[in-house]
Amino acid sequence: MMQPNRSTAAADEHRSSDARHQAMIFGSGHRLSREAYDDLSGPHALSGVTFFQALMHTALALEEQRAGLLSAVSRTVPPSPVELLRHWLDLHALGHLVLLAFRDDRAWFADMLREVGVTRWTPTHALIRERVMSIAVRGAWAVGELGEIGLQLYLPLLRSPVQPLDHFDAVLALAMVALRRSEFRPVVRSAVDQWASRATDAWGLRSELANSVALLLDDPHAASVWALEWCRRVLSRTGATNAAALPEQASGLGMSEDDLLILAGLNDAGDCAVAVEDLFPAVLLLSQVVGRTAREFYAPQALIPALTKPWTVEVGVDVLRRSIPHVGVSRFNVL
């Protein structure tokens with residue numbers, strides 16, 4: 001029998017690895033494990049540029065897919081479960097891709113911005129749009145890695161007459177940048193306070209966002225305590241049957257109970273654009289994100305069944321309903 005030459009075997013192995021990695025990114029949804037992430041980001045991983053290109057292509061592909069589903073949900077027509085699941089998986093793929101894109105050297109991103117010269121564009125718009133907590137905080141982490149470039153992208157957006165969710169995108173990103181780089185805190189605090197002072201709605205959510213940013217930047221410890229308690233509530237909502245055994249299980253994996261709670265919060269599928277007790281969990285959760293590596297967003301495989309609920313059609317519809325005025329959480333729609 002003829003044996004394949006080494007170059008052919010290597011090419012076949014490479015194609016097999018690429019297919020396996022693509023299946024992980026686009027097929028795992030909210031249950032990608034830390035072990036899988038390590039595989040994706042290992043020594044032979046694709047470059048950050050390549051992952052970012054995949055992020056942009058996925059975001060564009062979601063546009064048409066999302067429009068059809070939103071039309072069905074807004075007309076109370078039952079959407080296709082297959083299309084709903086595809087939307088859910090692609091949406092979470094954005095979160096995986098943004099971490100993979102910005103995990104290492106990011107000089108390429110500055111070069112790209114200089115060449116393209118974009119205005120009123122952010123790399124996190126598609127991640128924020130569906131208002132899923134886990135995806136939003138992954139995007140914020142990525143912006144935190146950009147430093148001053150993050151200010152250049154998001155400060156003009158905060159000062160512009162754009163949609164409320166775009167302002168939320170800017171506030172979350174700027175809070176992360178300022179938390180990572182203390183020298184940027186005065187300019188971010190001033191920009192957020194000025195934005196909040198221009199509030200025209202009766203709900204005062206701009207004030208709640210500004211207060212959340214103030215607590216995060218002025219007292220990160222208090223913010224982390226608040227966020228940890230919120231994460232405890234998230235874990236309690238998973239309905240894990242073996243919740244009492246989770247701390248011991250986590251300890252066996254070299255994790256503390258706090259680590260366990262934080263992982264529950266970082267992988268929450270709830271709405272990131274709502275306030276709890278007059279504060280925004282999405283903003284205060286950044287206190288648990290700063291200093292965290294990309295892989296630390298993911299739970300070990302052994303803990304995933306207890307930390308996350310399986311996807312359902314109802315969950316998929318609920319996410320879409322957040323984007324429909326007066327159907328989702330309308331308080332945020334009038335921000």
ask   = How about R31 and P310: do any of their side-chain heavy atoms sit closer than 4.5 Å?
value = yes
query = Quick check: are there more than 12 heavy atoms from other residues, nucleotides or ligands sitting under 6.0 Å from CD of Q65?
reply = yes
task = For S190 and D193, test the side chains for any donor-to-acceptor distance below 3.5 angstrom and give the result as yes or no.
result = no
query = With hydrophobic residues grouped by side-chain heavy-atom distances under 4.5 Å, do W121 and L55 end up in a single group?
reply = yes
inquiry  = Using modelled atom types and a 3.5 Å cut-off, is there a donor and acceptor pairing between side-chain atoms of H96 and backbone atoms of Y37?
reply    = no
task = Over 60° means perpendicular and under 30° means parallel, so classify the ring planes of W311 and W88, tilted if in between.
result = tilted
query = Can you check whether Y154 reaches L172 side chain to side chain, under 4.5 Å on heavy atoms?
reply = no
message = So for atom CD, which belongs to Q152, do other residues, nucleotides or ligands contribute more than 12 heavy atoms lying within a distance under 6.0 Å?
response = yes
key: Basic-acidic side-chain contact under 4.0 Å: D38, R34   = no
inquiry  = Check for me, please, whether I304 and L266 land in the same ILVMFWY cluster - side-chain distances under 4.5 Å, paths through other members count.
reply    = no
request  = Kindly indicate whether the side chain of H87, heavy atoms from C-beta on, has any atom under 4.5 Å from the side chain of L320.
outcome  = yes
inquiry  = Can you tell me how the ring of F168 sits relative to the ring of F280, calling it parallel under 30°, perpendicular over 60° and tilted otherwise?
reply    = tilted
Heavy-atom side-chain proximity of E296 to Q288 below 4.5 angstrom = no
request  = Of all the heavy-atom pairs spanning P79 and V73, show the shortest one and how long it is.
outcome  = CG-CG2, 4.2 Å
Any donor-acceptor pair under 3.5 Å from K309 side chain to A269 backbone = no
task = Answer yes or no: is there a donor N or O on one side and an acceptor on the other, between the side chain of R66 and the main chain of L62, under 3.5 Å?
result = no
query = Under a 4.5 Å cut-off applied to non-hydrogen side-chain atoms, are S134 and H92 in contact?
reply = yes
key: Flag if over 12 foreign heavy atoms under 6.0 Å of CD, E183   = yes
request  = Could you tell me whether R138 sits above the aromatic face of Y298, with NZ or CZ closer than 6.0 angstrom to the six-membered ring centre and within 45 degrees of the axis?
outcome  = yes
side-chain hydrogen bond (donor to acceptor under 3.5 Å, both in side chains) between N267 and T308, worked out = CA-CA 7 Å; N267 292 284; T308 60; over 6 Å; no
ask   = Does T50 offer a backbone N or O that forms a donor-acceptor pair with the side chain of S47 under 3.5 Å?
value = yes
query = Do R180 and E145 come close enough that some side-chain heavy atom pair is under 4.5 Å?
reply = yes
ask   = Does V49 reach the side chain of Q53, with side-chain heavy atoms less than 4.5 Å apart?
value = yes
key: Electrostatic pair E229:R232 at N-O distance under 4.0 angstrom   = yes
task = Decide yes or no for D268 and V137: does some side-chain heavy atom of the first lie under 4.5 Å from some side-chain heavy atom of the second?
result = no
message = Any salt bridge linking E314 with R321? Criterion: basic side-chain nitrogen under 4.0 Å from a carboxylate oxygen.
response = no
ask   = Do S80 side-chain atoms and V82 backbone N/O form a donor-acceptor pair below 3.5 Å?
value = yes
ask   = Looking just at side-chain N and O atoms, do E208 and S212 make a donor-acceptor pair shorter than 3.5 Å?
value = no
key: Co-membership, hydrophobic cluster, residues V225 and I262, 4.5 Å side-chain   = no
L174: which of L151, V143, V213 passes side-chain contact (heavy atoms from CB on, under 4.5 Å) = L151
inquiry  = I need the I135 CD1 to I128 CD1 distance, nearest 0.5 Å.
reply    = 9.5 Å
